[in-house]
There are 2 protein chains.
Amino acid sequence: MNHSDFSELDLTSLLSLSFSTSINELHTRLSELGFGDIRPVHGFMFKCMTPNGATGIELAEYLGITKQAVSKMVDYLEKRGYVNKQPHPTDKRGKIIILTERGWLVVKAKENILNELEQRWIGNIGAERLQMLKEDLKRIVYETNEGNIPSMFRPVW
Amino acid sequence: MNHSDFSELDLTSLLSLSFSTSINELHTRLSELGFGDIRPVHGFMFKCMTPNGATGIELAEYLGITKQAVSKMVDYLEKRGYVNKQPHPTDKRGKIIILTERGWLVVKAKENILNELEQRWIGNIGAERLQMLKEDLKRIVYETNEGNIPSMFRPVW
DNA sequence: GAAATATAGTCAACTTGATTGACTACATTC
DNA sequence: GAATGTAGTCAATCAAGTTGACTATATTTC
């Protein structure tokens with residue numbers, strides 16, 4: 001098999017490749033900024049925490065993993081200064097996990113890098129095509145999931 | 001955070017979502033056909049083995065994992081009747097891993113399902129737009145990796 | 001052509017990121 | 001107020017990968 005031949009790639013492989021490509025670049029850049037201990041899954045957690053924090057259960061549902069797994073991740077991130085646990089305002093069982101200043105730095109850096117990536121893509125295929133691409137992907141995801149966002153907000157196998 | 005709001009999704013999230021969506025559907029369907037023991041990574045292995053088989057090292061490079069990990073996967077797949085190991089024709093150290101008939105059944109089924117998926121997407125966004133989408137994604141992947149296919153042919157985090 | 005080095009694959013031990021199950025404390029329902 | 005449900009934690013386990021050590025064969029170098 002010839003690995004540098006793109007022509008036979010089906011759409012699913014293309015989606016896989018383009019996703020890997022961007023997530024790899026994102027995290028290489030984050031590493032260079034001193035956030036080498038942030039994994040892709042953390043980025044998705046942060047997204048769920050913005051702007052007002054989230055409970056463990058919310059994170060677990062969002063990521064499609066168990067609350068125990070979330071608990072470990074939160075400990076990991078707390079130890080490294082990215083998040084804090086706060087008591088839930090109304091539910092004494094619950095905790096709210098919020099971003100620290102350092103956590104927000106990652107979120108901002110991530111946004112900047114992704115914007116840059118999109119700009120480069122605009123350079124490759126043009127702004128209208130990029131807009132179309134986004135719309136089409138949204139539509140495909142939306143239709144395939146019958147209007148519901150997929151429960152597993154996280155590509156894993 | 002409102003999980004059913006698509007509008008703010010950046011391109012990377014969209015790529016992630018659309019990839020998950022299709023890979024999930026693919027493997028749900030494969031499960032229904034009795035291939036529930038096939039994981040996404042196996043599909044990528046099979047692709048590397050077609051049509052004439054591959055050595056362990058080739059698979060390892062293709063997937064971006066160690067040869068030991070490949071060895072385990074091959075054992076797993078051999079035990080379940082999807083692949084066979086054959087002595088390498090010229091190199092007595094080497095083995096060639098080839099698909100069995102059952103392995104080919106999976107490959108065919110996969111192709112059918114992915115084609116069906118693409119047809120449904122054509123129903124959603126039209127054939128020209130799908131063609132453009134594929135071209136744009138190819139271009140993006142190609143440019144970002146400077147003409148080389150990414151070594152890690154496999155989305156993992 | 002023999003010695004040195006490199007490569008394909010295996011075996012075993014370990015790491016990591018997840019899981020399941022059992023438990024505590026608080027909330028909700030009846 | 002009692003029964004049931006829910007948020008989070010602790011501990012044990014699992015699964016998919018890793019690293020390191022090894023054998024057998026190939027290739028290079030002198």
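Quick note: numbers below take in every heavy atom, side chains included, and nothing from hydrogens, waters or symmetry partners. Quick caveat, the model's predicted, so the values are computed rather than measured. Within every chain, numbering begins at 1; the chains are lettered A, B, ... in the order of the sequence lines, protein sequences first and strands thereafter.
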What is the distance, rounded to the nearest whole Å, between atom [atom1] of [X] and atom [atom2] of [N]?
X	N	atom1	atom2	value
B/His88	C/dT7	NE2	C1'	12 Å
A/Asp75	C/dA18	CG	P	13 Å
B/Ile96	C/dG9	CD1	C1'	14 Å
B/Asp37	D/dA15	CG	P	14 Å
B/His42	D/dA15	NE2	P	13 Å
B/Ile65	C/dG9	CD1	C1'	14 Å
B/Ile38	D/dA16	CD1	C1'	16 Å
B/Leu59	C/dA8	CG	C1'	13 Å

Would you tell me whether B/Asn124 and A/Tyr142 have side-chain atoms, one donor and one acceptor, within less than 3.5 Å of each other?
no

Mark yes when over 12 heavy atoms from residues, nucleotides or ligands other than A/Lys92 sit less than 6.0 Å from its NZ; otherwise mark no.
no

May I ask you to verify if any side-chain N or O of [X] is less than 4.0 angstrom from the OP1 or OP2 atom of [N]?
X	N	answer
A/Lys95	D/dT9	yes
A/Arg93	C/dC23	no
B/Lys85	C/dT10	yes
A/Ser71	D/dG8	no

Can you check whether B/Phe35 and B/His27 have ring centres sitting under 6.0 Å from each other?
no

Any cation-pi pair here, A/Lys47 with A/Phe44, using under 6.0 Å and within 45°?
yes

Given the structure, check if the side chain of B/Gln68 and the base of D/dG20 hold any donor-acceptor pair shorter than 3.5 Å.
yes

5' priority, DNA chain D, between B/Thr90 and A/Lys72 [closest heavy atom]:
A/Lys72

Check the pair A/Glu116, A/Arg29 against salt bridge (Lys or Arg N to Asp or Glu O under 4.0 Å), reporting the backbone distance first and the verdict last.
CA-CA 11 Å; A/Glu116 241 180 79; A/Arg29 301 278 304 275; 3.2 Å; yes

Nearest heavy atom decides the nucleotide; on that basis, is B/Ile57 or A/Asp91 closer to the 5' end of DNA chain C?
B/Ile57

Determine to 10° how strongly the helix from C/dG1-D/dC30 to C/dC30-D/dG1 is bent, judged from the axes of its five-pair ends.
30°

Any salt bridge between B/Glu25 and B/Arg120, counting N to O under 4.0 Å?
yes

Between A/Glu118 and A/Lys134 (salt bridge meaning N to carboxylate O under 4.0 Å), is one present in this structure?
yes

For the side chain of B/Lys67, counting heavy atoms from C-beta on, which of C/dA18, C/dT10, D/dT9 is nearest?
C/dT10

Options D/dA21, C/dA18, D/dT25, nucleotide nearest the side-chain atoms of B/Lys92:
D/dT25

